Number of protein chains: 2
Amino acid sequence: MTAVPLPGELTLVDDRARRILDAAVRLAETGGFSAVRLRDVAQASGVALGTVYKRFRSKEDLLVGVLSLELVALRERFASEPLQGATRLERLVQCFAALTETLCARPHLGRAVIRSAATGENALAERLQRFHTALMELIVGAIRGRDDGPVSALELERLAVLEDVWFSRLVGWTGGLLTPEMVVEQVARAARLLYGEDGDA
Amino acid sequence: MTAVPLPGELTLVDDRARRILDAAVRLAETGGFSAVRLRDVAQASGVALGTVYKRFRSKEDLLVGVLSLELVALRERFASEPLQGATRLERLVQCFAALTETLCARPHLGRAVIRSAATGENALAERLQRFHTALMELIVGAIRGRDDGPVSALELERLAVLEDVWFSRLVGWTGGLLTPEMVVEQVARAARLLYGEDGDA
DNA sequence: TCCTTCTTTGAAACGCGTTCTACACCCCTA
DNA sequence: TAGGGGTGTAGAACGCGTTTCAAAGAAGGA
């Protein structure tokens, strides 16, 4: 059961850290960012407040940590049911749709996480950097067709742009300006702009 | 002297609001987000704390309000010295470079503002929406060549994508992951991807 | 078994965003 | 000239993120 540390990512061997994260998720699910009071997190996970701070540098750090949980879930999802689209562009859009769905399915939690990620604290940089590369790998793997060639440098650049669009729009979603559907639609539109209408296989 | 309210934007006729904003800018310049203590803002601007909260809904709201000041400055700048680039793509990149420069020139202030904007609080949506449309207009006006045609719907979509990239990268900058030069460079790269290498006039 | 070192704990304390309260002031109308 | 509504002020109070500290365990090594 003890997970072998996933490459380039938060090692969750630490039982306490896991319990703390789980508690944070539960609290965030019901009441969002402000409902995650660290005193409550500590109590709900059965540790002392100091222990929470030993594992996570701040409230934002804790919530960003939730991302690595989501990442594991997404990896499994894509492994068990690969994307169906005929072209790479199609699969790409489906991929972002799935990511968006995952984050927006539990809106309070999603908003809390994105808000934390967007804070731009220096202390979060490391964790976010790790998440970013892991996400990139995940996407690259997910949109790669059965007998596709490798992903070119050009495509990586496009991907980076799309990730930026996705992130910005998610922030728009957390602000109540956009619905999840709009987020996906606008990422799709950006993808079409980048790939040309054809979506070159 | 009393400014006529700028179209679609924070009306700064209110003297107190202006003083509060100025004080916030001064404090943010020296010490960033955390140095903007609302008690200090109130004192420095010669009003009571309650008055600050009468004008601005939160600390973030206040700092986002600074954006409308910057906007005025940018408008003047672009009016007095129009962008020089030969193609629209070139002017576009110059425009984003100027925007980035403006925000990053006073790093503490810039970071504080972006951090506030990225928080994604519902209460900020209105102000940010206004800023967004105003910025869009500003860019459209700035990149429009002397005898250019109007900006097409396609170009507006491209612009929206670039703004997203810009925003995301700025967040990366506030997190210490990117330098201002990298921000500009990556927006430029995205622009080239969107416009094709030519930059179709 | 005792000593050392590291972690965890419980609880208090601090700082600051935010809210609330009581009071003064100003302008307007009767 | 009196009264009243809206705005500003001073200051206290509240909530919660974050830090700090003394004491209690827990794990290893001589």
Side-chain angles (χ1 to χ4, degrees), chain A residues 11-28 30-66 108 111-113 115-124 127, chain B residues 11-28 30-66 108 111-113 115-124 127:
Chain A
T11 73
L12 287 181
V13 260
D14 184 349
D15 194 48
R16 274 175 232 261
R18 162 133 244 146
R19 287 212 311 277
I20 292 169
L21 278 176
D22 287 346
V25 167
R26 272 199 306 283
L27 288 170
T30 78
F33 188 83
S34 62
V36 182
R37 278 168 305 196
L38 294 201
R39 288 166 172 90
D40 294 354
V41 171
Q43 185 174 6
S45 52
V47 303
L49 188 53
T51 305
V52 175
Y53 276 95
K54 191 104 185 183
R55 299 298 193 287
F56 301 94
R57 300 162 80 127
S58 68
K59 178 170 175 173
E60 284 81 12
D61 192 36
L62 170 57
L63 283 166
V64 167
V66 172
H108 287 314
R111 268 184 247 264
V113 168
R115 166 175 176 171
S116 301
T119 313
E121 291 253 4
N122 283 358
L124 301 183
R127 208 185 282 274
Chain B
T11 74
L12 287 181
V13 261
D14 183 349
D15 195 47
R16 274 176 232 259
R18 162 135 243 147
R19 288 212 310 277
I20 293 169
L21 278 176
D22 288 345
V25 167
R26 272 199 306 282
L27 289 170
T30 77
F33 188 83
S34 63
V36 183
R37 277 167 305 192
L38 294 201
R39 286 165 172 90
D40 294 353
V41 170
Q43 185 174 6
S45 53
V47 304
L49 188 53
T51 306
V52 175
Y53 276 95
K54 191 104 184 185
R55 299 297 194 287
F56 302 93
R57 300 160 80 126
S58 68
K59 178 170 176 173
E60 283 81 12
D61 193 37
L62 170 58
L63 283 166
V64 167
V66 172
H108 287 314
R111 269 183 247 265
V113 168
R115 167 175 174 171
S116 301
T119 314
E121 291 253 3
N122 284 356
L124 302 183
R127 207 184 282 274

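In this text, all values refer to a predicted model and were calculated from it rather than measured experimentally. Proteins come first, then strands; the chains are lettered A, B, ... in the order of their sequence lines, and each starts at number 1.
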*Not counting sequence neighbours, which residues clear side-chain contact (heavy atoms from CB on, under 4.5 Å) with Ala35(B)? List them please.*
none

*What pairs with Glu121(B) under salt bridge (Lys or Arg N to Asp or Glu O under 4.0 Å), at least two apart in sequence or on another chain?*
Arg115(A)

*Taking CG from Asp15(B) and C1' from dT7(D), how many angstroms apart are they, rounded to a whole number?*
15 Å

*Residues in side-chain contact (heavy atoms from CB on, under 4.5 Å) with Asn122(B), at least two apart?*
none

*What is the distance from atom CG of Asp14(A) to atom CD1 of Ile20(A), rounded to the nearest 0.5 Å?*
7.5 Å

*Separation of Leu62(A) atom CG from dG17(D) atom C1', in whole Å?*
12 Å

_Main-chain N/O of Val36(A) paired with Lys59(A) side-chain donor or acceptor, under 3.5 Å_ = yes

_Minimum heavy-atom distance between Ala28(A) and Ala112(A), given as atom pair plus value_ = CB-CB, 4.4 Å

_Value in whole Å for how far the P atom of dG17(D) lies from OH of Tyr53(A)_ = 6 Å

_With Arg16(A), the side chain to side chain contact (heavy atoms under 4.5 Å, CB included) member among Val52(A), Leu21(A), Val47(A)_ = Val47(A)

*Enumerate the residue pairs fulfilling side-chain hydrogen bond (donor to acceptor under 3.5 Å, both in side chains) with a member in residues 43-54 of chain A, sequence neighbours excluded, ordered by first and then second residue.*
none

*Degree of bending in the helix from dT1(C)-dA30(D) to dA30(C)-dT1(D) once both end axes are built from five pairs, to 10°*: 10°

*Base, sugar-phosphate, or nothing for Arg57(B), non-hydrogen atoms under 4.0 angstrom?*
nothing

_Using heavy-atom distances to pick each residue's nearest nucleotide on DNA chain C, tell me which of Lys54(A) and Lys59(B) is more 5'._
Lys54(A)

*Strand contacts (DNA chain D) in residues 37-50 of chain A, 4.0 angstrom heavy-atom criterion*: Arg37(A), Leu38(A), Arg39(A), Leu49(A)

Set out, line by line, the N/O atom pairs under 3.5 Å between protein and nucleotides 24-26 of chain D.
none

*Do the charged groups of Arg19(B) and Asp15(B) touch, with an N to O distance under 4.0 Å?*
yes

_Does anything in residues 39-49 of chain B form a salt bridge (Lys or Arg N to Asp or Glu O under 4.0 Å)? List the pairs, not counting sequence neighbours._
Arg37(B)-Asp40(B)

*Check every strand shown and say whether Ser34(B) touches a base, only sugar-phosphate, or nothing at a heavy-atom separation below 4.0 Å.*
nothing

*asked:* Considering every strand and a 4.0 Å limit on heavy-atom distances, what is the contact class for Val36(B): base, sugar-phosphate, or nothing?
replied: sugar-phosphate

*Residues in side-chain contact (heavy atoms from CB on, under 4.5 Å) contact with Val113(B), at least two apart in sequence or another chain*: Val66(B), Leu67(B), Leu109(B)

*Which two nucleotides bound the region of DNA chain C that has atoms under 4.0 Å from heavy atoms of chain A, read 5' to 3'?*
dT7(C) to dA13(C)

*Measuring from Arg55(B):CZ to Asp61(B):CG, what's the distance to the nearest 0.5 Å?*
12.5 Å

*Say you draw a straight line from CG of Leu62(A) to CZ of Arg127(A); how long is it, rounded to the nearest 0.5 Å?*
8.0 Å

